[in-house]
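Below you'll find the structure, written out as structure tokens, and then a few comments.
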Amino acid sequence: GDSEISVPNSTMASLYVGDLHHEVTEAMLYEKFSPAGPILSIRVCRDAVTHRSLGYAYVNFQHLADAERVMTDMNLYIIKGKPVRLMWSQRDPSLRKSGIGNVFVKNLEKSINNKSLYDAFSSFGNILSCKVITDDNGSKGYGFVHFEHRESAERAIQKMNGILLNDLKIFVGHFKSRKDRESELGAQTREFTNVYIKNFGEDMDEDRLSKIFEKFGPTLSVKVMRDDCGRSKGFGFVNFQKHEDAQNAIDNMNGKELNGRQIYAGRAQKKLERQTQLQRHFEQLKQNRIVRYQGVNLYIKNLDDDIDDENLRKEFSSFGTITSAKVMMNNGRSKGFGFVCFSAPEEATTAVTEMNGRLVAMGLWVALAQQKKGTKPIPNQMPFEDGRVQAIHLGPPGRSFLDF
DNA sequence: CATGAGCGC
């Protein structure tokens, strides 16, 4: 019947108070809000185990009119240095999570806070929630204004996008979830038009580059990057009108010879994308090294200064096939350690066993390395992260890997 | 440059 779906009046006077400083108590909230009218109850929500504040509370007023007044007069009121974010208690999370009416704002000048953002956007409709994102250094320069109705959001975007706020031109657009943004970025990437070309040397200008690439289709721009003296830096960009032409240009030109050099042509990337890609690439190489050298690479420490690659190789050559022997150098001087890599793990193991005997006979000292990353070294063992498994310490007692 | 988090007795 009707009684089952009707909303009790008491919920209408229930306010959600968010973004609370963790030390804010019921008593403090009572002190701030009770002047507005009689309060039925206040509850700061806390973790059941630790009893730490979850950073939000409910303030239940006896009269709806009082709650409404608090809502307009005391939103973003600062308690313990933080503006509290008032919302009507709304147990159904669907509206909050739908994202409808939620607006994203960026390029906000540092002094713009929750309140000034609210004031800048309040004329477009009822705001459910408004917030500038901050860290220890203050504003991070972007925020959110969540309107009750999508029409308000549309109006706000229409009127506010691109306007100056404290001399900064702000961007205002529909909020997009992380997932949405990522798939959008993926689509952009798939439909790229800008081609990056490198390794064409100094003898290049826009006209020449244009001649070479215009046969793949009409371009929007052609650019050769130059240093301060105006010399070509050996790379540049050709932006096509159509993605298919850009792709075609890459397929045909990548690896081609130009000015006697092999040029590279590929999708132009933003700096950040390039950086993260390089980082991933580097990490992959490292992983490969770990696998490749697992069990075959020896680490040798405390080498005499005059030991070179050849000495090292000779010393270990009787144990198997050496794929590399390297004394690490620092501007012409030995760093006192190096690596010997065998073609098979059995050879490496033999080398350690045999050298162990020999070195002990010489009054020296041998240790096995530890393979696991993140574990504490135990005496006479050495932690490695790149697949080196054996360590042989040559040198007087008293020095150990801990000196290294 | 930037695309949250948030609902109880």
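The sequence lines fix the lettering, A, B, ..., with proteins before strands; numbering per chain opens at 1. Quantities reported herein were computed from a predicted structural model and do not represent experimental measurements. Quick note: numbers below take in every heavy atom, side chains included, and nothing from hydrogens, waters or symmetry partners.
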What nucleotide, of [options], holds the atom closest to the side chain of [X]?
{"X": "A:S129", "options": "B:dT3, B:dA5, B:dG8", "answer": "B:dA5"}
{"X": "A:S89", "options": "B:dG6, B:dC7, B:dT3", "answer": "B:dC7"}
{"X": "A:I133", "options": "B:dC7, B:dC9, B:dG4", "answer": "B:dG4"}
{"X": "A:Q90", "options": "B:dC7, B:dG8, B:dG6", "answer": "B:dC7"}
{"X": "A:C45", "options": "B:dG6, B:dT3, B:dG8", "answer": "B:dG8"}
{"X": "A:K106", "options": "B:dG6, B:dT3, B:dG4", "answer": "B:dT3"}

How close or far is atom [atom2] of [N] from atom [atom1] of [X], stated in whole angstroms?
{"X": "A:E182", "N": "B:dA2", "atom1": "CD", "atom2": "P", "value": "13 Å"}
{"X": "A:D47", "N": "B:dC7", "atom1": "CG", "atom2": "P", "value": "13 Å"}
{"X": "A:L185", "N": "B:dA2", "atom1": "CG", "atom2": "P", "value": "9 Å"}
{"X": "A:L54", "N": "B:dG4", "atom1": "CG", "atom2": "P", "value": "21 Å"}
{"X": "A:W88", "N": "B:dG8", "atom1": "CH2", "atom2": "C1'", "value": "17 Å"}
{"X": "A:K140", "N": "B:dT3", "atom1": "NZ", "atom2": "P", "value": "8 Å"}

Next on the checklist: Tell me whether the NZ or CZ atom of A:K106 lies within the 45° cone about the ring axis of A:F171 and under 6.0 Å from its centre.
Outcome noted: yes

Next on the checklist: Please enumerate all residues that pass side-chain contact (heavy atoms from CB on, under 4.5 Å) together with A:M329, with sequence neighbours excluded.
Outcome noted: A:V327, A:S334

Item to check | Carboxylate-amine/guanidinium proximity below 4.0 Å for A:R208 and A:D205 | outcome: no

Checklist entry - Taking atom types as they are modelled, is there a donor-acceptor pair under 3.5 Å from the base of B:dA2 to the side chain of A:N107? => result yes

Item to check | Value rounded to 0.5 Å, distance of CZ in A:F147 from CD1 in A:I127 | outcome: 4.5 Å

Does [N] have [X] stacked on its base, where the ring centres are within less than 5.5 Å and the planes differ by under 30°?
{"X": "A:F104", "N": "B:dT3", "value": "yes"}
{"X": "A:F144", "N": "B:dG4", "value": "yes"}
{"X": "A:Y58", "N": "B:dG8", "value": "yes"}

Item to check | Derivation of the side chain to side chain contact (heavy atoms under 4.5 Å, CB included) call for A:F213 and A:V222 | outcome: CA-CA 9 Å; A:F213 280 88; A:V222 176; over 6 Å; no

How is [X] classified with respect to the nucleic acid when contacts are heavy atoms under 4.0 Å: base, sugar-phosphate, or nothing?
{"X": "A:N102", "answer": "base"}
{"X": "A:Y16", "answer": "base"}
{"X": "A:R178", "answer": "sugar-phosphate"}

Next on the checklist: Check the orientation of A:F104 and A:Y142. Use parallel for under 30°, tilted for 30 to 60°, and perpendicular for over 60°.
Outcome noted: tilted

Checklist entry - In terms of the nearest nucleotide of DNA chain B, which residue is placed more toward the 5' end: A:K97 or A:L108? => result A:L108

Checklist entry - Does a side-chain N or O from A:K176 land closer than 4.0 Å to OP1 or OP2 of B:dT3, or not? => result no

Item to check | Contact under 4.0 Å: A:R91 side-chain N or O vs B:dC7 OP1/OP2 | outcome: no

